[in-house]
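This structure is in structure tokens; I'll ask about it shortly.
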2 protein chains.
Amino acid sequence: MTTRVPQERRRRRPTRSGVLLSEDLIVQTALRLIGEHGPEALSVRRLGAALGCDPTALYRYFHGTDDLVLAIADRIIGDAMAGFAPGDDWVASLRDMALRVRAGYLAHPRAAAMAAHRVTRRRNEIRAVETGIGLLLTAGFPSADAARLYLAFIDTVLSHAAAEAAFQALPPQQREADRRSWRDVYQGLDPATYPSLTAVRPELPAMADSSFEQAVDLLLEALAARARALGPK
Amino acid sequence: MTTRVPQERRRRRPTRSGVLLSEDLIVQTALRLIGEHGPEALSVRRLGAALGCDPTALYRYFHGTDDLVLAIADRIIGDAMAGFAPGDDWVASLRDMALRVRAGYLAHPRAAAMAAHRVTRRRNEIRAVETGIGLLLTAGFPSADAARLYLAFIDTVLSHAAAEAAFQALPPQQREADRRSWRDVYQGLDPATYPSLTAVRPELPAMADSSFEQAVDLLLEALAARARALGPK
DNA sequence: GCCTTACGTCAACAGGGTTGACCCAATATG
DNA sequence: CATATTGGGTCAACCCTGTTGACGTAAGGC
């Protein structure tokens, strides 16, 4: 096929049904498809049909399915981080970043579930990394630590957000069954075999809730403690 | 197809090539397939070929691919936690738990990636929760905190492990591309636009590495600090 | 208005999961 | 032991998927 996928295209030729294709329109349509009919609704053929073009026309814009998925992921990141500017408090700024990313994922749960664990190497992602590492540098961490700690931070945020998105992407019936299981399954346990669970039994229903903020706060606590241990600047 | 998938089968009939099928043999062969020929080697047709039976014979044992994956996941959990016993040091024990779960997932990335965000409230998981919460109780946390903090801990472990497994489950080509991107794309960036990335440039290739232990250690640090803040028992 | 070529279209291939019909042999029963 | 039942292995078929190479048309530079 020798698809070249040029950066900017000059000859814009309408499809049989009159639509003018663009990378932007394709990504946007893909997100709509996934949002409406689930992740399994995203296929080259269906996307082509939704766009009103031959499926293989997409290969003029993306090298393959994987490339398209990365483009979708990057748009989610971009939308989530739109308008974000780091403030004076680096801990609060990282926390804000985390919550934004999570909100972006939850806005497109099904798309996020399939694209979450990828490195998009596109503009929006690069900008986010720049911002995050910059915050850790202002916290006083030496560059080697800043990079490694940012990785731990963002991986935690991304994987937690992905898990939440995946849960949201489940069919409602299955999601409710999972939620109930914390209450049902853990109720009639033998106190002798499960003493600890028995001791915290009143708290168990709360375990169906999200741990996202709790986990992020714990991580930021540890980061703040390490920054303090560096000594005052 | 109205596959009934009975619990115990009574008529065991050898396949054309003389093999006696069983749920156990199928799961075992599936794991071997994945281990030997990579994650993408798992398909109904290939599994049938490896077993020496018609691919559709598997539908007598599992309702579909999904059912098979869950059976595989169940075995992974059991194997990972086999022989684990909590020690005196609660931090070290939680760390051990985390590493076991991760190892179990990474031993079978494809299966783990497919079933990671799925909730299987089975015996092995309940025992793990009992153990984990017990450890936090011995650390001195009140029961409400123990439950919530354990949730944050195990969610971090599980979602990180799932992310790693998902990465390992990628086709080799995409996996290598993701790995290279940290070195290639992030190298030739404009220093004016990306000052922080430029500052930590030598560290960037290391960002292709796993952040699992770093993240777990940060979390355990925060937990230990909070336990200390409770005052000595 | 011509020439080049970008890009939308088409046909085809290899592989996937899943189904319903078929039929034989392993078991239950007499 | 013989017969009836049915579990379960097999086969052909269907429709899906991503991806390719060839083809031709219309858009834009000159």
**OP:** Whole angstrom is fine here: how far is it from CG in A/Leu20 over to C1' in D/dA27?
**Re:**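 It works out to 12 Å between those atoms.
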**OP:** Starting from the first five and the last five pairs of the helix from C/dG1-D/dC30 to C/dG30-D/dC1, work out the angle between the resulting helix axes, to 10 degrees.
**Re:** 20°
Original post:
For A/Arg75, which residues count as a salt bridge (charged side-chain N to carboxylate O under 4.0 Å, His left out) partner, sequence neighbours excluded?
Top reply: A/Asp24
**OP:** For the pair A/Arg118 and A/Asp66, find out whether any cationic side-chain nitrogen is under 4.0 Å from an anionic carboxylate oxygen.
**Re:** yes
Original post:
What's the CZ-P distance between B/Phe62 and D/dG9, to the nearest Å?
Top reply: 12 Å
Subject >> Any side-chain heavy-atom pair of B/Val129 and A/Tyr194 under 4.5 Å >> reply: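 SC-SC contact between B/Val129 and A/Tyr194 ruled out.
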**OP:** Please identify each residue that fulfils salt bridge (charged side-chain N to carboxylate O under 4.0 Å, His left out) with A/Glu164, with sequence neighbours left out.
**Re:**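 Counting only residues at least two positions away or on another chain, A/Glu164 forms a salt bridge (charged side-chain N to carboxylate O under 4.0 Å, His left out) with A/Arg102.
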Protein-nucleic acid N or O pairs under 3.5 Å, nucleotides 12-19 of chain D:
residue : atom : partner : partner atom : Å
D/dT17  : OP1  : A/Ser43 : OG           : 2.9
D/dT17  : OP1  : A/Arg46 : NH2          : 3.3
D/dT17  : O4   : A/Arg45 : NH2          : 3.4
D/dG18  : OP1  : A/Val44 : N            : 3.2
D/dG18  : OP2  : A/Val44 : N            : 2.9
D/dG18  : N7   : A/Arg45 : NH1          : 2.3
D/dG18  : O6   : A/Arg45 : NH1          : 3.2
D/dG18  : O6   : A/Arg45 : NH2          : 2.8
D/dT19  : OP2  : A/Tyr59 : OH           : 3.0
D/dT19  : OP2  : A/Thr65 : N            : 3.0
D/dT19  : OP2  : A/Thr65 : OG1          : 2.9

Original post:
Is it true that a side-chain atom of B/Arg46 and a backbone atom of B/Ala41 form a donor plus acceptor pair closer than 3.5 Å?
Top reply: yes
**OP:** Would you kindly give the CG-to-C1' distance between A/Leu21 and C/dC7, to the nearest whole Å?
**Re:**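 That distance rounds to 9 Å.
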Original post:
What is the distance from CD1 of A/Ile26 to P of C/dC7, rounded to the nearest Å?
Top reply: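 So the two atoms are 11 Å apart, to the nearest Å.
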Original post:
CG of B/Leu68 versus C1' of C/dG17: gap in Å, rounded?
Top reply: 12 Å
Original post:
Among all residues two or more places apart in sequence or in another chain, which pass the salt bridge (charged side-chain N to carboxylate O under 4.0 Å, His left out) test with B/Asp217?
Top reply: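 In terms of salt bridge (charged side-chain N to carboxylate O under 4.0 Å, His left out), with neighbours along the sequence ignored, B/Asp217 is linked to B/Arg95.
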Original post:
Are the side chain of A/Glu130 and the backbone N or O of B/Ser196 linked by a donor-acceptor pair below 3.5 Å?
Top reply: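 Flag set: sc A/Glu130 to bb B/Ser196 pair under 3.5 Å.
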Original post:
Are B/Tyr61 and D/dG8 close enough that a side-chain N or O sits under 4.0 Å from OP1 or OP2?
Top reply: no
Subject >> Length of the CZ-C1' vector between A/Arg60 and D/dA27, whole Å >> reply: 15 Å
**OP:** State plainly whether the residues A/Arg127 and A/Asp74 are in salt-bridge range, i.e. N to O under 4.0 Å.
**Re:**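 Salt bridge between A/Arg127 and A/Asp74, a charged N being under 4.0 Å from a carboxylate O: no.
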Subject >> N/O (side chain, B/Arg16) to phosphate O (OP1/OP2, D/dC11) under 4.0 Å >> reply: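 Yes, such a contact exists.
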Original post:
CD of B/Glu23 versus C1' of D/dG9: gap in Å, rounded?
Top reply: 17 Å
Subject >> Contacts of type salt bridge (charged side-chain N to carboxylate O under 4.0 Å, His left out), residue B/Arg32, not counting sequence neighbours >> reply: B/Glu36
Original post:
Under 3.5 Å, is there an N or O donor on one side and an acceptor on the other linking the side chain of B/Arg13 and the base of D/dG9?
Top reply: no
Original post:
Once you round it to whole Å, what is the distance between P of C/dG8 and CG of A/Leu47?
Top reply: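 It works out to 13 Å between those atoms.
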